[in-house]
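First up is the structure itself, then whatever we jot down about it.
Everything quoted here is computed from the prediction, not taken from an experiment. Nothing fancy with the numbering, it's 1 onward along the sequence.
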Amino acid sequence: QVQLVESGGGLVHSWGSLRLSCAVSGNIFCVSAMCWYRQTAGKERELVATITTNKITDYGDSVKARFTISRDNAKNTVYLQMSSLKPEDTAAYYCNAESVKTSRFSRPREYWGKGTLVTVSA
C-alpha cells in the first residue's frame, strides 16, 4: 500500500515562510515526477510546482521566485519551501506522485496525499 503523507502546514503571517514535506511510503520501486497542488473552497485545484526524478523543476506563475520545490530520492520525499507568503497563498496543499511503481513490472499508478492546510494571515 503506497501512501503520501504531507506535513508542515500551519498558520503564518504575511511575508513569513513555511516548509512542506511529503513522504511516499510503502512498497516502492520507483517514483517519477512529483508535484504540489493547492486548492481553496470553490476553486479548481491549482498546480503549484513540479519536480522530475532528475530534479528539473517548474512553477506556477503565482509562486515563481517565492517557492522552491526539492526532493530527496533516497527518502522518496518532496519538499516545498514557501517564502514571502501572501494571504492569497492560503489553501490546502496536496502532494501528488504522477507515476509510482511498486515493482519493476507493475503498472504505474498516480497517488495523492490527503493535504495539509496553509493559512497566511494579513
Side-chain angles (χ1 to χ4, degrees):
Q1 183 75 12
V2 175
Q3 288 186 316
L4 274 62
V5 180
E6 301 101 333
S7 61
L11 174 64
V12 64
H13 292 297
S14 291
W15 300 105
S17 299
L18 277 177
R19 188 193 195 206
L20 305 183
S21 300
C22 172
V24 184
S25 64
N27 186 20
I28 299 164
F29 178 73
C30 66
V31 181
S32 67
M34 297 192 71
C35 310
W36 285 98
Y37 286 78
R38 66 186 182 186
Q39 188 171 26
T40 55
K43 293 187 178 181
E44 292 188 358
R45 196 165 287 189
E46 173 191 8
L47 177 61
V48 175
T50 301
I51 186 166
T52 68
T53 304
N54 295 328
K55 301 185 179 180
I56 297 171
T57 61
D58 195 17
Y59 298 90
D61 289 340
S62 61
V63 306
K64 282 182 180 177
R66 298 189 298 122
F67 291 10
T68 302
I69 189 171
S70 60
R71 68 188 287 171
D72 184 332
N73 290 332
K75 295 181 179 180
N76 287 320
T77 300
V78 64
Y79 306 95
L80 185 68
Q81 178 66 48
M82 305 184 293
S83 303
S84 301
L85 283 161
K86 305 174 183 180
E88 49 264 44
D89 294 317
T90 295
Y93 283 72
Y94 297 89
C95 179
N96 168 267
E98 292 186 346
S99 176
V100 179
K101 298 185 69 174
T102 56
S103 71
R104 182 178 179 184
F105 302 105
S106 68
R107 181 173 295 179
R109 286 186 54 189
E110 181 180 32
Y111 290 90
W112 289 88
K114 294 183 178 180
T116 185
L117 184 61
V118 172
T119 303
V120 184
S121 63

Discussion item. Measuring from atom OH of Y37 to atom SG of C95, what distance do you get when rounded to the nearest 0.5 angstrom?
Written reply: 11.0 Å
Fill in: R38 and V118, any side-chain heavy atoms less than 4.5 Å apart
no
Discussion item. Check whether Q39 reaches the backbone of A91 with its side chain - one donor and one acceptor, N or O, closer than 3.5 Å.
Written reply: no
Fill in: Electrostatic pair K86:D89 at N-O distance under 4.0 angstrom
no
Item to complete: Drop me the distance from L47's CG to D58's CG, to the nearest 0.5 angstrom.
Response: 7.5 Å
Worksheet item: Passes side chain to side chain contact (heavy atoms under 4.5 Å, CB included), K55 versus N73? Steps please.
Response: CA-CA 9 Å; K55 301 185 179 180; N73 290 332; 4.0 Å; yes
Worksheet entry | Heavy-atom closest pair, residues P87 and S14 | CD-OG, 3.4 Å
Worksheet item: Any idea which heavy atoms bring H13 and S121 closest together, and the distance?
Response: ND1-OG, 2.9 Å
Worksheet entry | Heavy-atom pair of closest approach, residues L4 and A97 | CD2-N, 3.6 Å
Item to complete: Of all the heavy-atom pairs spanning Q81 and S17, show the shortest one and how long it is.
Response: NE2-CB, 4.0 Å
Worksheet item: Is the closest side-chain heavy-atom distance between R66 and Y59 below 4.5 Å?
Response: no
Item to complete: Specify the closest pair of heavy atoms between T53 and R71, including all atoms of both residues, with the distance to one decimal.
Response: N-NH1, 3.5 Å
Worksheet entry | Validation row: R45, Y94 side chains within 4.5 angstrom (heavy atoms) | yes
Discussion item. Would Y79 and T68 count as a side chain to side chain contact (heavy atoms under 4.5 Å, CB included) here? Give the steps.
Written reply: CA-CA 8 Å; Y79 306 95; T68 302; over 6 Å; no
Discussion item. If the condition is ring pair (Phe, Tyr, Trp, His ring centres under 6.0 Å), which residues does F67 pass it with, not counting sequence neighbours?
Written reply: none
Discussion item. Does either side chain, that of S62 or that of E46, offer a donor lying less than 3.5 Å from an acceptor on the other one?
Written reply: yes
Item to complete: Decide yes or no for T40 and E88: does some side-chain heavy atom of the first lie under 4.5 Å from some side-chain heavy atom of the second?
Response: no
Please set out all donor-acceptor pairs under 3.5 angstrom arising from side-chain atoms of residues 18-35, sequence neighbours excluded.
from: S32; atom 1: OG; to: S99; atom 2: N; distance (Å): 3.2
from: S32; atom 1: OG; to: S99; atom 2: O; distance (Å): 3.2

Item to complete: Hey, could you give me the NZ/CZ distance between K101 and R109, rounded to the nearest 0.5 Å?
Response: 14.0 Å
Discussion item. Is there a side chain to side chain contact (heavy atoms under 4.5 Å, CB included) between V78 and I69? Walk through the geometry before answering.
Written reply: CA-CA 7 Å; V78 64; I69 189 171; 3.8 Å; yes
